[in-house]
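Everything below concerns the one structure shown next.
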Protein chains: 2
Amino acid sequence: MIRLSKKVEYSIIALKYFAISKEAYLTAKEISKKYNIPHELLAKILQRLSKEKILTSNQGINGGYRLNKQPSDISLEYIIKLFDGEKGIVECMNGKNANECCIFDECTIKDPIVKLQKELESYFSSKKISDFV
Amino acid sequence: MIRLSKKVEYSIIALKYFAISKEAYLTAKEISKKYNIPHELLAKILQRLSKEKILTSNQGINGGYRLNKQPSDISLEYIIKLFDGEKGIVECMNGKNANECCIFDECTIKDPIVKLQKELESYFSSKKISDFV
DNA sequence: TAAAATACGACTATATTAGTCCGATTTAGG
DNA sequence: CCTAAATCGGACTAATATAGTCGTATTTTA
C-alpha cells in the first residue's frame, strides 16, 4: 500500500507516550529504550517536534521533553509534512516543481490527481494524535 | 505527503488513455511517446497489466494492447498493490513480516494503525480508473 | 566540575524506486 | 522465408530517498 516513514511512525509512538504519560518530563533515552527506537534518531525527531512547539524541552541533566499541545490538536498531516516534506502525491505536484510537470501538453490526469491529493490531505488532517491514544 | 510510485502513475495515465481511445490496439511505443514515459518501463508495466488480464495483448508486428476490463472495475488499490506490493502502512504490517514487529511487548499504536490502513485501503479501492477519465 | 541531557549538522549505510539492457518469441507483409 | 516491429521476461544498473550514526557544542543540576 502506502507507507508512513519511520520518522512519522516514531513520532506517533512518542507523542502517544507523552499523551498518556503522567511524568512531567520524558527523555529521548527513556522513550527510545522503551520502544526500541534508535536513540540518536529519536533524539532528532524530538528536537524537531520541540522546534515546532509541539513539545517543550528542558536542557541539562534533569531535562527532557513535555507535550506543549493537546493531542487532539496534533494532526497526522502536520507530522507527515514536517518529516517527509510537502511532497505531492506525484512528483510534478511538489511544492517547487509544481507545474513544471507535463512536458507533454496534455497531462490528462492532473485534475483527478489534485482531487485525490486534497482528499488524502483532508483525511490525514482529520487524524489526530488523540486518535492513537 | 504520500507518494504514488511512477509505475502506478504511468499505469493510470496509460489506462486512462486506453479508456478514452477509440483505437482497437495501442502499442507501448505509442503511449510512451505521447506521454514521455520511458519506453522500456512502460512496456513492462503494460506486460504486467496484461498478465493480470486488465489488458489483452497481441504480439507481432501489428500487435499492441487493449482494455480487457471496464475502467470502473479497475481500482487504484489493485494497481498500487500490483506494483508496490502488499506493503502495510508501517513495516511491521507487511504481509510476511506481520506480527514480527513489536520487539517490545507493548506496541501501543497497533490498533489505530490497523484502522488507518483499512480506511486507506477502502479509500483507494473506491477510486477507479473511470474517476480519472 | 562532572554527568547527563538537549541541540545541530555532517556523514554513512541501506533500501527502494526508476530505468536500462539483452535476448527470446510472435506475427504480418514483401 | 526473411525482416521489421511488436510483446515477453529476467537480470542488471543507476538514482533517490530513507534510516541511522557520529561528533561536538551547549545547558543545567548536583
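Numbers restart at 1 for each chain; the letters A, B, ... are given by sequence-line order, proteins then strands.
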Practice task
Kindly determine whether A:L116 and B:L76 satisfy side-chain contact (heavy atoms from CB on, under 4.5 Å), including the steps that lead there.
Solution key: CA-CA 11 Å; A:L116 200 70; B:L76 208 42; 3.9 Å; yes
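- Nearest to the side-chain atoms of A:E40 among the listed nucleotides D:dC22, C:dT6, D:dA6 stands D:dC22.
- Between B:Y65 and D:dC8 there is a side-chain N or O to OP1 or OP2 distance below 4.0 Å.
- Between A:L41 and B:L46, the one whose closest nucleotide on DNA chain D sits nearer the 5' end is B:L46.
- Here the shortest heavy-atom pairing between B:S75 and B:F124 reads CB-O, 4.1 Å.
- Here C:dA7 presents its C1' atom at 12 Å from NE2 of A:H39, a figure rounded to the nearest Å.
- The B:K44 side chain lies nearest to D:dG9 when the options are D:dG20, C:dC8, D:dG9.
- Note: NZ (A:K51) to P (C:dC8) measures 6 Å, nearest angstrom.
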Enumerate all atom pairs, one protein N or O and one N or O from nucleotides 14-17 of chain C, separated by less than 3.5 Å.
{"residue": "C:dT17", "atom": "OP1", "partner": "B:K87", "partner atom": "NZ", "Å": "3.1"}
{"residue": "C:dT17", "atom": "OP2", "partner": "B:K87", "partner atom": "NZ", "Å": "2.7"}

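- To the nearest angstrom, P of D:dC8 lies 10 Å from NZ of B:K53.
- Residue A:Y10 is classed as a sugar-phosphate contact, given heavy-atom separations below 4.0 Å to backbone atoms only.
- Taken to the nearest 0.5 Å, the CG atom of A:N58 stands 12.0 Å off from the OG1 atom of A:T27.
- Taking atom CD of A:Q47 as the reference point, atom C1' of D:dT21 lies 14 Å away to the nearest angstrom.
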Under-3.5 Å N/O pairs linking protein and nucleotides 28-30 of chain D:
{"residue": "D:dT28", "atom": "O2", "partner": "A:I61", "partner atom": "N", "Å": "3.3"}

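- Under 4.0 Å is where a charged nitrogen must lie from a carboxylate oxygen, and between A:E30 and A:K34 no such pair does.
- Under the 4.0 Å criterion applied to side-chain N and carboxylate O atoms, A:K44 and A:E40 are not assigned as salt-bridge partners.
- Among the atoms of the strands shown, none is found under 4.0 Å from any heavy atom of A:A43.
- Proximity of A:L55 to A:L15: side-chain heavy atoms (C-beta onward) are separated by under 4.5 Å at one or more points.
- Two different hydrophobic clusters hold B:I61 and B:Y25 under the rule that ILVMFWY side chains link at heavy-atom gaps under 4.5 Å.
- For the pair A:I37 CD1 and D:dT21 C1', the computed distance is 16 Å after rounding to whole Å.
- Using a 4.0 Å heavy-atom criterion, one finds that A:K29 contacts the sugar-phosphate atoms exclusively.
- Using a 4.0 Å cut-off between charged nitrogen and carboxylate oxygen, A:K115 and A:E119 count as a salt-bridge pair.
- To the nearest angstrom, P of D:dA5 lies 18 Å from CG of B:L26.
- Contact of the A:L46 side chain with the A:F18 side chain is registered, since non-hydrogen atoms from C-beta on lie closer than 4.5 Å.
- Between A:S57 and C:dA7 there is a side-chain polar atom (N or O) within less than 4.0 angstrom of OP1 or OP2.
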